[in-house]
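Report on the structure given below.
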Amino acid sequence: MKLAIGADPGGYEMMVGLEKHLIEQGHDVNNVGTTDPDAPVMYMTVARNVAEAVTGGEAELGIVVCGTGVGISIAANKNKGARCARVESVWAARDSRIVNDANILALGGTTTSLRMACEMADVFIATEWGEGLPEFRVKRIKDGAAMWEGYEGAVFN
């Protein structure tokens, strides 16, 4: 899968390990954030770069990492079509794809272990929107999402 990944200085170390793991899993990973700790890219720019790669079709999904994952997730969600989920568990990573059709995963480089980050990323990537849900729930989610049209950054499939 084509992935866009990026981190600010607070998430750089985790991103390096996560990127290595994802490449070993056979994914095509494009780092659009900090690539050199001596030349940091701030979280707002990283979030925009990843969101633009995902919403522009250059990547199927994105992963962003900052110190806590909070700031970068807020910044990513300012981009039209970005649905960034800041998660702390494998269950939340899976559910963010199934129920919310999240297309960007946000992680905290100082709040999450690399092992957990890899597990959450693997589940996020492997899970499809609506997977396992009965059709009436999928319809209900789509109908409910329609009310968000017009809000900042709100675009649902």
Side-chain angles (χ1 to χ4, degrees), residues 1-131 145 148 151-157:
M1 179 174 286
K2 288 189 80 158
L3 304 170
I5 192 170
D8 75 352
Y12 178 77
E13 284 186 38
M14 174 182 283
M15 189 265 323
V16 169
L18 188 56
E19 183 178 26
K20 181 178 183 249
H21 168 78
L22 294 169
I23 291 169
E24 288 172 355
Q25 298 299 309
H27 299 291
D28 179 6
V29 182
N30 182 20
N31 182 347
V32 296
T34 300
T35 56
D36 176 355
D38 294 326
V41 180
M42 297 313 297
Y43 76 90
M44 297 79 75
T45 302
V46 173
R48 185 192 66 227
N49 292 349
V50 171
E52 286 179 352
V54 172
T55 61
E58 297 165 32
E60 295 168 73
L61 296 172
I63 300 173
V64 292
V65 189
C66 72
T68 63
V70 175
I72 206 162
S73 67
I74 292 169
N77 280 320
K78 297 290 184 184
N79 295 273
K80 188 171 179 75
R83 296 178 303 281
C84 183
R86 195 270 188 229
V87 303
E88 289 187 333
S89 71
V90 171
W91 181 86
R94 181 179 178 276
D95 209 47
S96 73
R97 291 284 298 135
I98 292 172
V99 176
N100 306 117
D101 195 18
N103 54 12
I104 302 172
L105 176 68
L107 301 168
T110 60
T111 61
T112 308
S113 72
L114 177 58
R115 182 187 60 78
M116 272 305 289
C118 291
E119 286 181 35
M120 289 186 286
D122 289 346
V123 167
F124 184 83
I125 292 164
T127 305
E128 295 292 327
W129 181 81
E131 184 178 302
W148 289 98
Y151 283 85
E152 178 181 35
V155 174
F156 291 84
N157 293 335

Just wondering, do Val50 and Ile72 contact through their side chains at under 4.5 Å, heavy atoms? no

What residues, two or more places apart in sequence or in another chain, satisfy side-chain hydrogen bond (donor to acceptor under 3.5 Å, both in side chains) together with Asp122? His21

If the condition is side chain to side chain contact (heavy atoms under 4.5 Å, CB included), which residues does Leu114 pass it with, not counting sequence neighbours? Met14, Leu18, Cys118

Can you see which heavy atom on Ile104 is nearest to which on Ala76, and at what distance? CD1-CB, 4.4 Å

Contact summary for Ala117 and Leu107, nearest pair of heavy atoms: CB-CD1, 3.9 Å

Mind checking what makes salt bridge (Lys or Arg N to Asp or Glu O under 4.0 Å) contact with Glu13, not counting sequence neighbours? none

Glu128: salt bridge (Lys or Arg N to Asp or Glu O under 4.0 Å) partners, not counting sequence neighbours: none

Check the pair Asp101 / Arg83 against side chain to side chain contact (heavy atoms under 4.5 Å, CB included), numbers first and verdict last. CA-CA 7 Å; Asp101 195 18; Arg83 296 178 303 281; 3.2 Å; yes

One should read off an interatomic distance between Met1 CE and Leu22 CG, to the nearest 0.5 angstrom, of 11.0 Å

Heavy-atom check, side chain of Met116 versus side chain of Val90, under 4.5 Å: yes

I need the Met120 CE to Leu105 CG distance, nearest 0.5 Å. 7.0 Å

Contacts satisfying side-chain hydrogen bond (donor to acceptor under 3.5 Å, both in side chains) that involve residues 24-51 (not counting sequence neighbours) are Lys20-Glu24

Distance check, rounded to the nearest 0.5 Å: Cys84 atom SG versus Lys78 atom NZ? 12.5 Å

Side chain to side chain contact (heavy atoms under 4.5 Å, CB included) partners of Val70, counting only residues at least two apart: Thr68, Ile74, Arg86

State, yes or no, whether a side-chain contact exists between Leu61 and Arg97 at a heavy-atom distance under 4.5 Å. yes

For residues 103-115, pull every pair meeting salt bridge (Lys or Arg N to Asp or Glu O under 4.0 Å), keeping only residues two or more places apart or in separate chains. Arg115-Glu119

For Glu60, side-chain hydrogen bond (donor to acceptor under 3.5 Å, both in side chains) partners two or more places apart: none

Please check this pair: side chain of Asp95 against backbone of Ile98, looking for a donor-acceptor N/O pair closer than 3.5 Å. no

Residues forming a side chain to side chain contact (heavy atoms under 4.5 Å, CB included) with Ala126, sequence neighbours excluded: none

Please check if the side chain of Arg94 supplies one atom and the backbone of Val123 the other of a donor-acceptor pair under 3.5 Å. no

Is there a donor-acceptor contact under 3.5 Å from the side chain of Asp8 to the main chain of Gly10? yes

Euclidean distance, Thr111 OG1 relative to Glu88 CD, rounded to 0.5 Å: 5.5 Å

Hey, could you give me the CD1/CG distance between Ile125 and Leu3, rounded to the nearest 0.5 Å? 4.5 Å

Contacts of Lys2 meeting salt bridge (Lys or Arg N to Asp or Glu O under 4.0 Å) (sequence neighbours excluded), chain-then-number -> none

What pair of heavy atoms forms the shortest contact from Phe124 to Ala102, and how long is it? CZ-O, 3.6 Å

Would you please test Lys80 and Thr55 for side chain to side chain contact (heavy atoms under 4.5 Å, CB included) and show each step? CA-CA 8 Å; Lys80 188 171 179 75; Thr55 61; over 6 Å; no

Minimum heavy-atom separation for Gly69 and Ala106, please, with both atom names. O-CB, 3.8 Å

